[in-house]
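Values reported hereafter were calculated over all heavy atoms of this structure, with side chains retained and with hydrogens, waters and symmetry mates removed.
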Amino acid sequence: ADGDGPMAYQELPAGDYVIYYCFNDGYEIGKTIEITVLEDGASAEAGSIVTDGLFANFEGSYGKANGEPDSWKDSAKGLELEAALDDNNYWTDNAFHVDSAYNYFPDEIVDLVNGEKFTVEIALGELELPGTSYISFIISDNDNFSLFNRVDGDYIEFKAAGNARPKVPGGADYADNSTLSVTFDLDSDVVLYVDGVEIGRAMTTATIDADTLFLGHYDAARNWIGDVYGIRFYDRALTAEEVAQNAAYDAQFRGGAAAEAPVVEE
């Protein structure tokens, strides 16, 4: 309905539903969101992710459920990541296994991270880290955007072009079997989280201006090997509570509750 104001609906029976956001008098579907309505007193064991501002949601279970395609379609808008499938890069039951390949995100994602506010999250399984310099999880070709493990000193870092960067020792432990989250707000800070716990932040002064964005790395010095359970992008900076909610959701794929982040020494 046009304008603002309260609207009342009949109570929905328990079950699974799809919400359609339509425009042009209902002739075009702009977005769909899947929800589950529970019985009174029931609770969702695995919880759910935050949907407010969700721009793209790449779920690891997509591959097996859709015949192991060579693109990874997100469940929010249908955007597609190029999946470089081969003997080393393949779909598992609930993840995409990455090893020595570039997997490019669509231009819409690049435009998002070049904006004034965004969140990116990647849920990782057990990792092998053969890289010898800058082990790059998500990165751009011009290196303006890079979520990576600096091998020299074992730091986890987020590079956002010329901005100051969160840089925290203990990189390998942070990345392994964890959810890494970065929130970026040009009016505030860039914040780095592991499993829902803040580990570092820095002031922001400029947008990122990445030219591309891709998952994994072909260069042996930057390579890593492991399962990706999910990747999410938001068009706003999530709160600490929202980041923790998403990390708790990701824990189901690793068989337990969200892990406690390693202690950061001042």
Side-chain angles (χ1 to χ4, degrees), residues 56 58-60 62-64 68-72 74 80-106 109-110 113 120-161 165-182 192-195 199-200 208 210-233 250 253-254 259 261-262:
F58 296 92
E59 299 172 287
Y62 174 82
K64 285 292 186 180
E68 303 184 29
D70 58 4
S71 65
W72 190 352
D74 99 273
E80 295 187 44
L81 177 155
E82 299 174 18
L85 299 181
D86 56 27
D87 290 342
N88 297 318
N89 298 269
Y90 50 84
W91 298 102
T92 69
D93 287 341
N94 60 358
F96 181 63
H97 187 79
V98 175
D99 179 6
S100 306
Y102 300 137
N103 304 275
Y104 279 91
F105 291 96
I109 301 292
V110 180
V113 302
V120 57
E121 300 186 308
I122 180 169
L124 299 165
E126 293 184 5
L127 300 179
E128 297 178 49
L129 304 177
T132 56
S133 59
Y134 308 107
I135 298 173
S136 307
F137 301 109
I138 300 177
I139 187 173
S140 63
D141 279 303
N142 66 1
D143 205 30
N144 279 13
F145 181 112
S146 184
L147 177 58
F148 69 101
N149 173 210
R150 180 189 294 266
V151 175
D152 184 12
D154 192 26
Y155 293 95
I156 191 75
E157 292 184 47
F158 178 67
K159 180 180 180 181
R165 64 182 73 174
K167 178 181 177 182
V168 184
D173 287 338
Y174 283 134
D176 187 59
N177 231 5
S178 300
T179 295
L180 301 177
S181 305
V182 175
L192 179 61
Y193 298 83
V194 60
D195 283 330
I199 61 170
I208 292 177
D211 56 349
T212 61
L213 204 66
F214 58 90
L215 170 71
H217 212 290
Y218 188 81
D219 186 341
R222 293 181 172 228
N223 185 37
W224 55 278
I225 303 169
D227 287 348
V228 180
Y229 297 119
I231 309 169
R232 292 179 292 269
F233 294 89
D250 291 335
F253 301 110
R254 294 186 283 264

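Between Phe96 and Tyr90, the ring centre distance reaches or exceeds 6.0 Å. In this structure, the ring of Phe105 has its center less than 6.0 angstrom from the ring center of Phe58.
Once rounded to the nearest 0.5 Å, the distance linking CG of Asn89 with CG of Asp70 reads 12.5 Å. In this structure, CD1 in Ile138 is found 6.0 Å from CG in Leu147, a value given to the nearest 0.5 Å. To the nearest 0.5 Å, atom CG of residue Leu215 and atom CD1 of residue Ile109 are 12.0 Å apart. Between the CG atom of Asn103 and the CG atom of Leu213 there is a distance of 11.5 Å, given to the nearest 0.5 Å. Distance check, rounded to the nearest 0.5 Å: CG of Asn149 to CD of Glu157 gives 9.0 Å. Going from atom CD1 of Ile231 over to atom CG of Leu180 covers 11.5 Å, rounded to the nearest 0.5 Å.
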Exercise for review: Go through Ile199 and Tyr193 one step at a time and tell me if the side-chain contact (heavy atoms from CB on, under 4.5 Å) criterion holds.
Suggested key: CA-CA 5 Å; Ile199 61 170; Tyr193 298 83; over 6 Å; no

Exercise for review: Tell me, with the steps shown, if Val98 and His217 meet side-chain contact (heavy atoms from CB on, under 4.5 Å).
Suggested key: CA-CA 9 Å; Val98 175; His217 212 290; over 6 Å; no

Check your understanding: Passes side-chain contact (heavy atoms from CB on, under 4.5 Å), Val182 versus Val120? Steps please.
Key -> CA-CA 5 Å; Val182 175; Val120 57; 3.8 Å; yes

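Judged by distance alone, the side chain of Arg254 and the main-chain N or O of Asn177 form a donor-acceptor pair under 3.5 Å. Trp91 contributes no side-chain N or O that, together with a main-chain N or O of Leu85, makes up a donor-acceptor pair within less than 3.5 Å. At least one donor-acceptor pair closer than 3.5 Å links the side chain of Asp176 to the backbone N or O of Leu127. Between the Ser140 side chain and the Asn144 main chain, a donor and an acceptor come within less than 3.5 Å of each other. At least one donor-acceptor pair closer than 3.5 Å links the side chain of Trp72 to the backbone N or O of Glu59.
The side-chain heavy atoms of Val194 and Thr179, taken from C-beta on, include no pair separated by under 4.5 Å. Counting only heavy atoms from C-beta outward, the side chains of Val168 and Tyr174 approach each other to under 4.5 Å. Inter-residue side-chain proximity for Tyr229 and Leu124 is flagged as unmet; no heavy-atom pair is nearer than 4.5 Å. The side-chain heavy atoms of Ser71 and Leu81, taken from C-beta on, include no pair separated by under 4.5 Å. The closest side-chain heavy-atom distance from Ser178 to Asp195 is below 4.5 Å. Side-chain atoms of Arg232 and Asp250, non-hydrogen and from C-beta on, do get closer than 4.5 Å to each other.
Annotation for Ala172 and Asp154: closest pair N-OD1, 2.9 Å, computed over non-hydrogen atoms.
Side-chain N/O atoms of Asp141 and Tyr104 include a donor and acceptor closer than 3.5 Å. With no hydrogens or angles considered, a side-chain donor-acceptor pair links Asp227 and His97 at under 3.5 Å. Residues Asn223 and Asp99 have side chains that bring a donor and an acceptor to within less than 3.5 angstrom of each other.
Residues passing the ring-ring contact (aromatic ring centres under 6.0 Å, His included) test with Tyr155: none are found, sequence neighbours excluded. Every residue meeting the side-chain hydrogen bond (donor to acceptor under 3.5 Å, both in side chains) condition with Ser136, not counting sequence neighbours, appears here in chain and number order: Arg222.
When each of Phe148, Phe137, Tyr218, Tyr134 is checked for a ring-ring contact (aromatic ring centres under 6.0 Å, His included) with Trp224, only Phe137 meets the rule.
Summarising the local packing, CZ of Phe214 is surrounded by more than 12 heavy atoms from other residues, nucleotides or ligands at distances under 6.0 Å. Other residues, nucleotides and ligands place more than 12 heavy atoms under 6.0 Å from the CG atom of Asp86.
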